[in-house]
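The next block holds one structure in the form of structure tokens; read it before the comments.
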There are 2 protein chains.
Amino acid sequence: MAAPGPARRLSERIVLDAAFGVVRDHGFTALSIRRVAAVLGVTPNALYTYVPDRAGLLRGMVERVMSAVDLGTLAIATLSPAERLVEFAVAMRRTLLGHPGGAALIMTGPIDGPHALLLNEALLRTLTETGLTLDDAARGAYALQVHVLGTVMLEAADGGDGDPAREEALAIERRAALERVDASGVPLTAQTADIVARYNTTAQFRWSVRRLVDGMLVAG
Amino acid sequence: MAAPGPARRLSERIVLDAAFGVVRDHGFTALSIRRVAAVLGVTPNALYTYVPDRAGLLRGMVERVMSAVDLGTLAIATLSPAERLVEFAVAMRRTLLGHPGGAALIMTGPIDGPHALLLNEALLRTLTETGLTLDDAARGAYALQVHVLGTVMLEAADGGDGDPAREEALAIERRAALERVDASGVPLTAQTADIVARYNTTAQFRWSVRRLVDGMLVAG
DNA sequence: ACCTGAACACCGTTCAAGT
DNA sequence: ACCTGAACACCGTTCAAGT
């Protein structure tokens with residue numbers, strides 16, 4: 001049953017590795033079929049054997065990033081279910097921001113691969129442990145994913161990558177920028193400049209996820 | 001003080017109008033400097049008089065979409081502050097999804113124009129009325145924006161545009177797709193297929209925003 | 001100052017041909 | 001079956017030249 005013709009010189013795995021390499025070294029905007037092919041020392045068309053098209057390449061990359069999200073925090077026995085949910089969200093945010101191009105990737109299409117399903121299932125399991133009905137657990141699982149992905153999107157647009165040192169540098173930058181804004185029309189925003197400058201930090205993220213989880217438990 | 005040289009044939013407003021027209025007629029992916037120029041019957045270079053570059057064009061478009069968000073719902077006297085916040089979030093989601101390319105636009109860069117500041121200020125005002133401290137109001141204002149933008153991003157990636165009829169059609173499509181998934185590894189997800197299929201609906205959005213707001217008020 | 005025309009350095013994708 | 005080479009129809013941006 002040997003396949004006819006010449007043997008494959010590449011694989012989807014190798015193509016994805018090269019694609020992530022391009023993003024790591026030159027940024028997400030530099031990602032292209034032609035550049036990945038160049039890195040692999042092959043003509044652009046050769047990639048179409050391993051990937052259907054550009055969108056297919058991106059789907060594969062999204063799936064790999066999602067597979068890197070650690071579901072283990074949802075099983076830490078010493079934490080309450082609510083605390084586990086918060087820690088999971090923190091870990092997921094960190095993974096998406098830390099992966100080369102992770103934030104940009106999740107915006108390129110629907111997140112409905114196998115690992116996204118497993119993530120949803122793990123959230124459902126933990127949420128039902130808090131006493132929520134199964135239907136409310138499903139709604140809550142989506143709300144949590146929305147919150148993580150929305151955070152990651154806004155942070156990435158702002159230049160963040162989940163690194164605490166970078167977070168601090170960006171906060172200082174934003175604080176200075178707010179100082180230059182005309183405060184007369186937005187007095188409350190000006191008064192809370194210290195908080196606004198720290199919107200994209202782990203502390204702010206933890207605060208809001210905790211509120212979301214608390215709101216779900218209060219109603220349930 | 002008349003400016004020397006030939007008069008301007010275009011304006012930033014006209015360029016932005018044409019850009020939104022391209023997105024409306026051919027989708028966000030079709031948006032390009034060259035295509036906008038073609039619509040205006042001008043060479044691509046002519047646009048550089050009115051817009052610094054492609055990123056500048058996108059910034060202008062984001063600002064216009066943000067200016068279309070109605071802050072009026074935050075001032076409806078017959079509603080409680082919490083209800084006003086939920087209605088505002090619903091209206092903001094609807095505006096972003098309804099605008100041609102609105103969802104794709106908000107992912108193209110930081111949202112920090114003048115209208116974003118005014119939106120933040122209006123949220124702060126309403127949140128302080130609920131009895132939150134000014135600092136917590138600032139955190140809450142960002143959490144709400146994260147939630148709306150995350151929702152819009154996921155819905156747009158899934159093909160939604162905020163239209164209720166389209167929402168219903170997509171829900172039925174997703175329900176059928178879930179039927180084909182192997183349920184053995186994700187029993188809870190399979191059991192809640194009806195809810196999962198309706199993740200991207202106004203009802204689900206209202207549910208999660210309400211929980212987020214409730215969580216902020218309980219803690220405050 | 002504003003616009004054109006030509007050019008540079010890129011894209012994704014298809015097709016016909018080689019092995 | 002897999003890969004190459006050539007081609008098609010696009011990009012954003014720059015530069016020199018015209019008015």
Side-chain angles (χ1 to χ4, degrees), chain A residues 1-62 100-101 104-105 107-109 157, chain B residues 1-62 100-101 104-105 107-109 157:
Chain A
M1 296 280 254
R8 297 185 159 215
R9 299 209 318 220
L10 306 171
S11 68
E12 197 195 344
R13 199 170 103 69
I14 292 174
V15 171
L16 289 180
D17 285 345
F20 275 109
V22 168
V23 174
R24 179 183 9 89
D25 297 339
H26 306 283
F28 182 77
T29 53
L31 179 64
S32 70
I33 294 277
R34 291 180 110 106
R35 210 190 239 264
V36 173
V39 165
L40 292 170
V42 102
T43 61
N45 303 3
L47 298 193
Y48 286 87
T49 301
Y50 306 97
V51 145
D53 51 19
R54 185 178 203 277
L57 173 67
L58 293 173
R59 268 200 308 278
M61 294 178 79
V62 169
L105 279 169
M107 298 182 225
T108 59
Chain B
M1 293 281 251
R8 296 186 159 214
R9 299 211 315 223
L10 305 172
S11 68
E12 195 194 346
R13 200 170 102 69
I14 292 175
V15 171
L16 289 180
D17 285 345
F20 276 109
V22 168
V23 174
R24 178 182 9 88
D25 297 339
H26 305 283
F28 182 77
T29 53
L31 179 64
S32 70
I33 294 276
R34 290 179 110 108
R35 211 189 238 265
V36 173
V39 165
L40 292 170
V42 102
T43 61
N45 303 3
L47 299 193
Y48 286 87
T49 302
Y50 306 97
V51 144
D53 51 20
R54 185 179 204 275
L57 173 67
L58 292 174
R59 266 199 309 279
M61 294 177 80
V62 169
L105 279 168
M107 300 181 225
T108 58

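Order of the sequence lines sets the chain letters (A, B, ...), proteins ahead of strands, with each chain counted from 1.
Counting any heavy atom pair closer than 4.0 Å across all strands shown, B/Arg34 reaches a base atom. Residue B/Thr43 is in base contact, counting any heavy-atom pair closer than 4.0 Å across all strands shown.
Note: NE2 (A/His26) to P (C/dA9) measures 18 Å, nearest angstrom. Here D/dC3 presents its P atom at 10 Å from CD1 of A/Ile14, a figure rounded to the nearest Å. If you take CZ of A/Arg54 and P of C/dG12, they are 6 Å apart, rounded to a whole angstrom. Rounded to an integer number of Å, the gap from B/Leu40 CG to C/dT4 C1' is 16 Å. Note: CG (A/Leu58) to C1' (C/dG12) measures 12 Å, nearest angstrom. Counting to the nearest Å, the P atom of D/dC2 and the CG atom of A/Leu10 are 11 Å from each other. Spacing between atom CD1 of B/Ile33 and atom P of C/dC8 amounts to 21 Å, rounded to whole angstrom units. A straight line from CG of A/Leu31 to P of D/dC11 spans 20 Å, rounded to a whole angstrom.
Atoms CG and OG, on B/Leu47 and B/Ser32 in that order, are 9.5 Å from each other to the nearest 0.5 Å. Here CE of B/Met107 is found 9.5 Å from OG1 of A/Thr108. Values are rounded to the nearest 0.5 Å. Here CZ of A/Arg35 is found 13.0 Å from CG of A/Leu40. Values are rounded to the nearest 0.5 Å. The line from CG of B/Asp17 to CD of B/Glu12 is 10.5 Å long, rounded to the nearest 0.5 Å. Once rounded to the nearest 0.5 Å, the distance linking CG of B/Leu10 with CG of B/Leu16 reads 11.5 Å.
Checking C/dT4, D/dG12, D/dT4 against the side-chain heavy atoms of B/Ser32 singles out D/dG12 as nearest.
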Problem set entry | Secondary-structure string, 5' to 3', Watson-Crick or G-U under 3.5 Å, | for another-strand partners, for DNA chain C | ||.|||||...|||||.||
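Taking atom C1' in both D/dA16 and C/dC2, the straight-line distance is 15 Å, to the nearest Å. Comparing D/dA9 with C/dA9, their P atoms sit 23 Å apart, to the nearest whole Å.
Between D/dC3 and A/Tyr50, a contact under 4.0 Å exists linking OP1 or OP2 to a side-chain N or O. Considering only side-chain N and O atoms, A/Tyr48 lies under 4.0 angstrom from the phosphate OP1 or OP2 of C/dT13. The phosphate of C/dC3 has OP1 or OP2 within less than 4.0 Å of a side-chain N or O from B/Thr49. Between B/Arg9 and C/dT4, a side-chain N or O to OP1/OP2 separation shorter than 4.0 Å is present.
A/Phe20 pairs with exactly one of A/Leu105, A/Val36, A/Val15, A/Leu31 by the side chain to side chain contact (heavy atoms under 4.5 Å, CB included) rule, that one being A/Leu105.
With contacts defined as side-chain heavy-atom distances shorter than 4.5 Å, the pair A/Met61/A/Val23 qualifies.
Annotation for A/Leu57 and A/Val51: closest pair N-CG1, 3.7 Å, computed over non-hydrogen atoms.
For A/Pro44 and B/Arg35, each mapped to the nucleotide of DNA chain D holding its nearest heavy atom, the one lying further toward the 5' end belongs to A/Pro44.
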